[in-house]
Trainee: 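Encoded as structure tokens, here's the structure I'll be asking about.
Both counts, for ligands and for their atoms, begin at 1 and track the order of listing. All of these numbers come straight from a predicted model, not from anything done at the bench.
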Amino acid sequence: MNWIAITQVPSPRLAEGELTFVQQSPLNMTEALKQHIAYCALLEKLGAQVVRMEANSEQPDGVFVEDTAVVLDEVAILTRPGAQSRRAEVEEMRRVLGEYRPLETIGEGATLDGGDVLKVGKTLFVGRSGRTNDEGIQALAKIASRHGYEMAPILVTGCLHLKTGMTALDDHQFLVNPKWLDTSPLASQFHLVHVPEEEPWGACTIRFQERTLMASEHPRTIHKVSSLGYRVESTPLSEFAKIEGGVTCLSLLFNSKKGGRDFLR
Ligand code: CIR
């Protein structure tokens, strides 16, 4: 099995996670654990080997592993999360990811969250957001350009991360909430599918094994994406949405056969 999905079991303090664009609402921990198990089971069903990091009671947002690293075929870049409360999460990820890829880091002053990085072929779309600053984008560019990646910065104004408001359905077509980010750099080259107005959070999807993974709380978006011919697999994630997480945030998904230390020799 070549596909690895790194996940972390939700912290017992999940309800204390950071909130920026979402109002606090009561979280059902039993339901959150159930949803997390179902999410991992879906990835397993589609052929991923799921690595489950232990829950960390000191890190309420630890379940959102996506933010702590950007995994490319050639290298993994440990981030420096924009929220001070999340910086320590990177240390455990360093240990786990070191098994699969050579590691790079983002230095002091720069901030970068993995949720702001969308890889499409050799292009990295990077959200300039409340969590990722210009220095973070430059630091990522410096590392990624050594491996042939181009950067495409996108201004994110209405949501937490780039991938909250935009993901790729395929290499040419993006699902977006145009109210939350500046899509003008994309318009000439890509086809943009807008989420239905009633489901502003619907744009967060994962492409995996010729499927589109989506949260079941967005039925209109699911219908729209299915009608375009994509094979949608949905799973309930309502409890994670209450602390501003979506389907991408809960895993780091990559192919273990690509990359690794031998790859660079
Ligand atoms: C945070 O504010 O950092 C968490 N409560 C939610 C992070 C969600 N991650 C993501 O969109 N990649």
Side-chain angles (χ1 to χ4, degrees), residues 5-27 29 32 35-36 39 43 53 55-71 76-90 92-93 106 111-119 124-133 136-137 140 154 156-168 175-177 180-181 195 200-208 213-215 217-218 235 237-254:
I6 297 180
T7 65
Q8 185 173 50
V9 175
S11 165
R13 286 176 49 201
L14 183 65
E16 296 168 45
E18 296 276 344
L19 291 178
T20 310
F21 290 90
V22 164
Q23 297 284 323
Q24 190 145 30
S25 66
L27 186 135
M29 193 62 203
Q35 292 182 351
H36 196 261
Y39 174 87
L43 292 174
M53 290 159 58
N56 186 327
S57 56
E58 299 301 308
Q59 295 168 359
D61 279 316
V63 71
F64 301 117
V65 290
E66 169 181 67
D67 295 320
T68 59
V70 176
V71 183
I77 299 132
L78 296 166
T79 63
R80 187 165 180 276
Q84 178 74 42
S85 68
R86 300 199 57 192
R87 300 253 162 94
E89 293 172 27
V90 175
E92 182 61 3
M93 190 52 77
I106 298 289
T111 63
L112 177 76
D113 277 18
D116 276 317
V117 183
L118 173 65
K119 178 168 110 54
L124 299 182
F125 295 91
V126 189
R128 170 70 177 85
S129 71
R131 295 288 175 86
T132 295
N133 64 16
I137 297 176
L140 177 65
I154 306 275
V156 178
T157 49
C159 57
L160 187 61
H161 288 128
L162 175 69
K163 283 187 272 187
T164 323
M166 164 180 135
T167 53
L175 183 62
V176 301
N177 177 340
W180 285 355
L181 35 90
V195 290
W201 298 86
C204 187
T205 69
I206 299 181
R207 286 201 269 176
F208 183 49
L213 277 49
M214 301 175 72
E217 288 74 31
H218 307 122
T235 193
L237 292 174
S238 59
E239 301 315 294
F240 298 98
K242 289 177 185 169
I243 29 173
E244 239 165 313
V247 72
T248 63
C249 331
L250 296 171
S251 60
L252 274 170
L253 193 54
F254 56 88

Trainee: I'd like the contact residues of ligand 1, where contact means a heavy atom below 4.0 Å.
Mentor: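 Lining ligand 1 at under 4.0 Å, by heavy atoms, one finds E18, D61, F64, E66, D67, R86, G115, R131, L160, H161, I243, E244, G245, C249.
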
Trainee: Go through the steps for T167 and I206 under the test side chain to side chain contact (heavy atoms under 4.5 Å, CB included), then give the verdict.
Mentor: CA-CA 8 Å; T167 53; I206 299 181; over 6 Å; no

Trainee: Return the minimal non-hydrogen interatomic distance between L118 and M166, and the atom names on each side.
Mentor: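 Closest pair (atom of L118, atom of M166, distance): CD2-CE, 3.8 Å.
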
Trainee: State whether the side chain of T205 and the backbone N or O of M214 hold a donor-acceptor pair below 3.5 Å, judged by distance alone.
Mentor: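 Absent.
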
Trainee: I need the single residue from Q84, R80, R131 that forms a side chain to side chain contact (heavy atoms under 4.5 Å, CB included) with T111. Which is it?
Mentor: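 Testing T111 for a side chain to side chain contact (heavy atoms under 4.5 Å, CB included) against Q84, R80, R131 leaves exactly one candidate, R80.
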
Trainee: Answer whether the closest heavy-atom distance between the side chains of L175 and V195 falls below 4.5 Å.
Mentor: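 Yes; the side chains approach each other to less than 4.5 Å.
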
Trainee: Which label fits W201 and W180: parallel for a plane angle under 30°, tilted from 30 to 60°, or perpendicular past 60°?
Mentor: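 W201 and W180: perpendicular rings.
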
